[in-house]
There are 2 protein chains.
Amino acid sequence: MGEQIPALDSDFLKKGHEVYLRHVSVDGVIFGFHENELKVLLLKWKNNGPWCLPGGFVRREESLQKAATRILHERTGLHDIFLQQFHTFGEPDREKKKTQINSNMAGSWLMERFVTVGYYALVEYSKVKPAPDMLSDECRWWDIQSVPALVYDHNDILNHALAALRQSLNDHPIGYSLLPEKFTMPELQRLYETILGRPIDRRNFQKKMLGLDILVRLKERKTGGAHKAPYLYRFDKRKYDRALKEGWGLGFV
Amino acid sequence: MGEQIPALDSDFLKKGHEVYLRHVSVDGVIFGFHENELKVLLLKWKNNGPWCLPGGFVRREESLQKAATRILHERTGLHDIFLQQFHTFGEPDREKKKTQINSNMAGSWLMERFVTVGYYALVEYSKVKPAPDMLSDECRWWDIQSVPALVYDHNDILNHALAALRQSLNDHPIGYSLLPEKFTMPELQRLYETILGRPIDRRNFQKKMLGLDILVRLKERKTGGAHKAPYLYRFDKRKYDRALKEGWGLGFV
DNA sequence: CCAAAAGTGTTGCCTTTACACCCATGT
DNA sequence: ACATGGGTGTAAAGGCAACACTTTTGG
């Protein structure tokens, strides 16, 4: 399935800079939504190292966007990921505690300073197959509320991504990327409430969402749950794309 | 006054990468406001080359923000510039028409691919002393409406900056950086109209601005002009800073 | 039959928009 | 005096927030 993940071998350490740009990296904040909680995908470095954001380097003939897409594909197995660049982090001491995993790394391009371009991604939780990279031996979802201390400035990057996500709630109907094809109105509402971190009135929310005229109510209802069965909805791709161009004023925030 | 501008000499071409990060540059879109027109500061490359945005490189121990500040200081003479990072441009072919100014450049780090971090700045037009850099022999303001074709993707960068500026009109009262200390309400309105590219109702604008409670009306009036003399205003720094923290809802756009 | 969740509609407030009148100044 | 631009207030409209009642379902 596409790319081969390079191994952290001597060749990569000594000649990586012939393949990748020096001093430039890409980090991704991958958001998912599951069981009414906003999740983020993290990696754990080998040898019981710290947790970190998935990231990687930019090939010499590759765009930043392509690099981010490639890296996130490698971690999630997904194509067609909704990606948004949000900030570039370039403090000279952002990696001050940079550690050598092995002796080969001394003097390597990898030990030099990196400026990292942050992208956030919105993915459908259930479709992701988390996969560690060459530097890590674990890859899994974390609840946004209980993210551990991350390496370098990665907590900072995560917080910036979250702020950018909140900001973009006004311009983009986030649900399209984060929810499964069919979903209920309460599920969509939980998503918004989770991202915004505050409750929203049930009835006003429904009115506003339906008012956008991008949702289709299906005949079916969600079965199995207790209490009254909610309707299922899906996005109307035609109307959704049209509205994307014209912008929409969903004045949350 | 501070930095010495390096000359485009053999030493810079051959050893610049020991001082600066490879593949990373910073470009600035410097906005000013004069005679009811939004202006942008551009440089013209030597030997009758194309116009471009002011930019430069990042020292190995310098943050992106510091680099942008340094570069913009060199072009404008200003300290304490309001700077905002807005996007990072990393298409591999963004500099496809890269030209060698002289034969020393062959194989130089300068001829390699650069990812550039875009910052926009808001400055007070009258305080700027435009100064060319080592690659250019002219530096002057251009009306935003009549910007010429720029080198590489610099028109693209400028357009992104303008979009980011419009966006931030809602969160930040731009006037503080772009206008002189004392200004009239019509002047402030022209600024908003120019950035938004559309007219605003005179009375509603005044109501909204005064409603923010960050302006102080002075006893003086603007003299010299024809017709009724408008009041002069200045920002109330105390209230301005307080409002900055809390955010304000000036629902333009 | 009761608790808990979902579906729907109405009201009032507040923000935004539209618009009219008077005042000051240079020609 | 008149044309042009500046200062102020008011009324209508539209969007948003607050809120109550009914329906469905499992226990």
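Heavy atoms only: backbone and side chains are in, while hydrogens, waters and symmetry mates are out. Order of the sequence lines sets the chain letters (A, B, ...), proteins ahead of strands, with each chain counted from 1. Predicted, not measured: the structure shown is a model, and the values here were computed from it.
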Qualifying residues under side chain to side chain donor-acceptor pair (under 3.5 Å), relative to A:Tyr125, sequence neighbours excluded: none
Counting N and O atoms only, with roles assigned by atom type, does the side chain of [X] sit under 3.5 Å from a partner on the main chain of [Y], one being a donor and the other an acceptor?
X	Y	result
A:Asp236	A:Val216	no
B:Gln85	A:His87	no
A:Asp201	A:Asn204	yes

Could you work out which one of [options] sits closest to the side chain of [X]?
X	options	value
B:Asp201	C:dC19, D:dG7, C:dA6	C:dC19
A:Asn204	D:dG6, D:dA18, D:dG7	D:dA18
A:Lys207	D:dG9, D:dA17, C:dC21	D:dA17

Rounded to the Å, how far apart are [X] [atom1] and [N] [atom2]?
X	N	atom1	atom2	answer
A:Met209	D:dA17	CE	C1'	16 Å
A:Ile200	D:dA17	CD1	C1'	13 Å
B:Met185	D:dG5	CE	C1'	15 Å
A:Phe205	C:dG7	CZ	P	12 Å
B:Leu212	C:dT15	CG	C1'	13 Å
A:Lys208	C:dG9	NZ	P	19 Å
B:Asn36	D:dG5	CG	C1'	13 Å
B:Gln189	D:dT8	CD	P	14 Å

Option from B:Tyr120, B:Phe89, B:Phe86 for which ring-ring contact (aromatic ring centres under 6.0 Å, His included) with B:His160 holds: B:Phe89
Might you list the N or O atoms of the protein lying below 3.5 Å from N or O atoms in nucleotides 24-27 of chain D, with each pair's distance?
from   : atom 1 : to       : atom 2 : distance (Å)
D:dT24 : O2     : A:Lys228 : N      : 3.4
D:dT25 : O4'    : A:His227 : O      : 3.4

Residues forming a ring pair (Phe, Tyr, Trp, His ring centres under 6.0 Å) with B:His227, sequence neighbours excluded: none
Phosphate OP1/OP2 of C:dT8: any A:Gln206 side-chain N/O under 4.0 Å: yes
Under-4.0 Å side-chain N/O to phosphate OP1/OP2 contact, B:Arg217 with D:dT8: yes
Distance-only donor-acceptor test, B:Arg202 side-chain atoms vs D:dG5 base atoms, 3.5 Å: no
Quiz item: A:Arg203 side-chain donor-acceptor pair to D:dA17 base, under 3.5 Å: no
Electrostatic pair B:Arg190-B:Glu187, nearest N-O below 4.0 angstrom: no
